[in-house]
Amino acid sequence: MTELAGKRILLGLTGGIAAYKAGELARLFVRSGADVQVVMTRAACGFVTPATMQALSGKPVYTDMWDGRIPNNMGHIELSRDRDLIVVAPASADFMAKLANGLADDLLSALCLARRSPLAVAPAMNVEMWNHPATQRNAAQLRADGVAILGPASGDQACGETGMGRMLEAAEIYAEAVRALSPKVLEGKRVLVTAGPTYEPIDTVRGITNQSSGKMGYAVAQAAAEAGAQVTLVSGRTALPTPAAVERVDVVTAREMHDAVMARVKRTDVFIAVAAVADYHVVNARGQKIKRSAGNPKIELAPNPDILGAVAAGKSAPFCVGFAAETENLKAYAQDKRHQKGIPLLAANLAQEAFGRDDNALTLFDDAGEHVLARAPKIVLARQLVAHIARMLPKAR
Ligand code: CTP
């Protein structure tokens with residue numbers, strides 16, 4: 001993937017066992033096309049070596065204020081200019097205290113003070129150190145100063161204790177960096193997304209569902225959050241982690257999804273219906289498991305509410321986007337569906353080419369016609385869809 005192509009990231013490491021994860025983070029940045037400059041504190045070098053980080057980032061590492069490789073010997077200025085983002089991972093309690101107080105007695109703290117770019121830190125420390133009022137004060141101060149604090153997570157710690165203070169995983173920090181560096185085309189917008197399958201019980205252990213994995217809807221929620229929107233994801237049952245900075249509401253049935261959406265739609269600027277909603281529910285669902293000995297059970301069905309249709313028909317409806325999975329006649333069915341639902345934009349794909357996969361090919365249908373998005377990972381398509389929505393919004397609202 002090249003989602004960070006051309007981005008210039010400075011990756012700072014301070015002293016902590018989580019420094020081993022910074023190697024993976026550097027690899028993720030480099031693989032996605034970023035230019036990565038690593039700077040390490042003296043303590044960080046006690047955990048991983050500059051040689052390791054040089055090999056993974058593809059560039060010599062800086063550790064010292066007085067490094068003669070910088071022509072004017074002002075490493076803290078030179079290295080902090082032209083950077084799109086500075087990420088300090090791991091950020092020790094000591095380093096956070098220094099940042100919060102504007103101390104600058106080594107290369108990394110000095111360049112953070114001298115920076116013009118956004119700064120994100122990923123704390124990594126023992127649970128008691130994280131919970132200490134001094135660290136909490138420093139974290140609050142850093143937030144007030146506009147520094148993004150990524151994590152920490154809770155769990156087993158290298159010291160043998162358990163609790164808050166574990167550094168986020170490299171992939172999570174990477175995702176945060178992508179979000180920080182994304183154009184904020186939906187800044188200030190409230191976006192509501194439905195995703196995944198619905199499940200309609202037949203009895204207490206059986207039900208009617210479909211093959212939707214939720215991947216496309218989750219990717220759309222992630223892309224909208226990256227674009228600066230405040231995102232709520234109403235999700236059927238999936239096995240997927242919630243994207244960063246997304247509020248998730250879990251539902252099971254179509255009627256629950258309908259109610260969760262309707263309760264929020266007034267506070268919504270953009271509604272994107274990606275969920276594969278069951279068209280029917282079982283009217284005579286049993287409260288106990290149906291026994292084989294019960295003979296041939298009859299399943300009686302009644303239609304579910306059309307969530308997208310209801311939202312689009314509402315008074316002062318948000319900008320509505322639908323999805324259509326067809327198995328044939330994509331174009332004709334998709335345009336029909338868009339007009340039928342009365343929505344400005346519909347994304348269509350062939351079900352057999354999309355369900356459960358990490359990639360997809362989409363065609364967007366709007367008043368201007370059709371826009372083909374070539375096969376790509378779902379997150380890439382989701383970003384293209386979000387950009388398309390953002391371009392349509394000023395005209396639509
Ligand atoms: N949708 C919804 N509520 C439903 C059914 C569908 O919100 N009860 C949304 C889906 O999330 C998707 C779009 O409507 O955005 C799909 O349209 P729909 O006409 O329901 O698609 P299909 O059920 O696939 O229609 P058909 O079986 O006629 O192809």
Quick one: do [X] and [Y] make a salt bridge, cutoff under 4.0 Å?
{"X": "Arg190", "Y": "Asp269", "answer": "yes"}
{"X": "Glu176", "Y": "Arg179", "answer": "yes"}
{"X": "Asp359", "Y": "Arg375", "answer": "yes"}

Looking at side-chain heavy atoms only, is the closest gap between [X] and [Y] below 4.5 Å?
{"X": "Thr232", "Y": "Val246", "answer": "no"}
{"X": "Ile173", "Y": "Met167", "answer": "yes"}
{"X": "Phe365", "Y": "His371", "answer": "no"}
{"X": "Val127", "Y": "Arg166", "answer": "no"}
{"X": "Val38", "Y": "Gln54", "answer": "no"}
{"X": "Val386", "Y": "Glu226", "answer": "no"}
{"X": "Asp105", "Y": "Lys98", "answer": "yes"}

If you look only at distance, which donor and acceptor atoms sit under 3.5 Å apart when one is on a side chain in residues 318-335 and the other is two or more places apart or in another chain?
{"residue": "Glu326", "atom": "OE2", "partner": "Lys337", "partner atom": "NZ", "Å": "2.8"}
{"residue": "Lys331", "atom": "NZ", "partner": "Glu370", "partner atom": "OE2", "Å": "2.9"}
{"residue": "Gln335", "atom": "OE1", "partner": "Arg338", "partner atom": "NE", "Å": "2.9"}

Locate the shortest heavy-atom distance separating [X] from [Y]; write the atom from each residue and the value.
{"X": "Ala254", "Y": "Asn304", "value": "CB-ND2, 3.3 Å"}
{"X": "His76", "Y": "Ala114", "value": "O-CB, 3.9 Å"}
{"X": "Ala195", "Y": "Gly214", "value": "CB-O, 4.3 Å"}
{"X": "Ala273", "Y": "Thr194", "value": "CA-OG1, 3.3 Å"}
{"X": "Val231", "Y": "Ala225", "value": "CG2-N, 3.5 Å"}
{"X": "Ala390", "Y": "Leu186", "value": "CB-CD2, 4.0 Å"}

With sequence neighbours excluded, give me every side chain to side chain donor-acceptor pair (under 3.5 Å) pair touching residues 55-65. Asp35-Lys59

Nearest-0.5 Å distance that lies between atom CG in Leu308 and atom CD in Gln340: 10.5 Å

Going from CZ on Arg8 to CG on Leu79, what distance comes out if it is rounded to the nearest 0.5 angstrom? 10.0 Å

Is a side-chain donor-acceptor pair under 3.5 Å present for Arg83 with Ser117? no

Would you tabulate the side-chain donor-acceptor contacts of residues 203-210 under 3.5 Å, counting partners in other chains and residues two or more places apart, or write 'none'?
{"residue": "Asp203", "atom": "OD1", "partner": "Val205", "partner atom": "N", "Å": "2.9"}
{"residue": "Asp203", "atom": "OD1", "partner": "Arg206", "partner atom": "N", "Å": "2.8"}
{"residue": "Asp203", "atom": "OD2", "partner": "Arg206", "partner atom": "NH1", "Å": "2.5"}
{"residue": "Asp203", "atom": "OD2", "partner": "Ile290", "partner atom": "N", "Å": "2.9"}
{"residue": "Thr204", "atom": "OG1", "partner": "Lys289", "partner atom": "N", "Å": "3.4"}
{"residue": "Arg206", "atom": "NH1", "partner": "Ile290", "partner atom": "O", "Å": "3.3"}
{"residue": "Thr209", "atom": "OG1", "partner": "Thr198", "partner atom": "O", "Å": "2.9"}
{"residue": "Asn210", "atom": "OD1", "partner": "Ser212", "partner atom": "N", "Å": "3.0"}
{"residue": "Asn210", "atom": "ND2", "partner": "Ala276", "partner atom": "O", "Å": "3.0"}

Go through Val277 and His258 one step at a time and tell me if the side-chain contact (heavy atoms from CB on, under 4.5 Å) criterion holds. CA-CA 10 Å; Val277 186; His258 171 269; over 6 Å; no

If you apply the rule salt bridge (charged side-chain N to carboxylate O under 4.0 Å, His left out), what do you find for Arg27 with Glu24, and how did you get there? CA-CA 5 Å; Arg27 261 166 57 91; Glu24 178 63 16; 3.6 Å; yes

What do you reckon, is CE of Met262 surrounded by more than 12 foreign heavy atoms closer than 6.0 Å? yes

Look at atom CD of Gln136 and say whether more than 12 heavy atoms of other residues, nucleotides or ligands are closer to it than 6.0 Å. yes

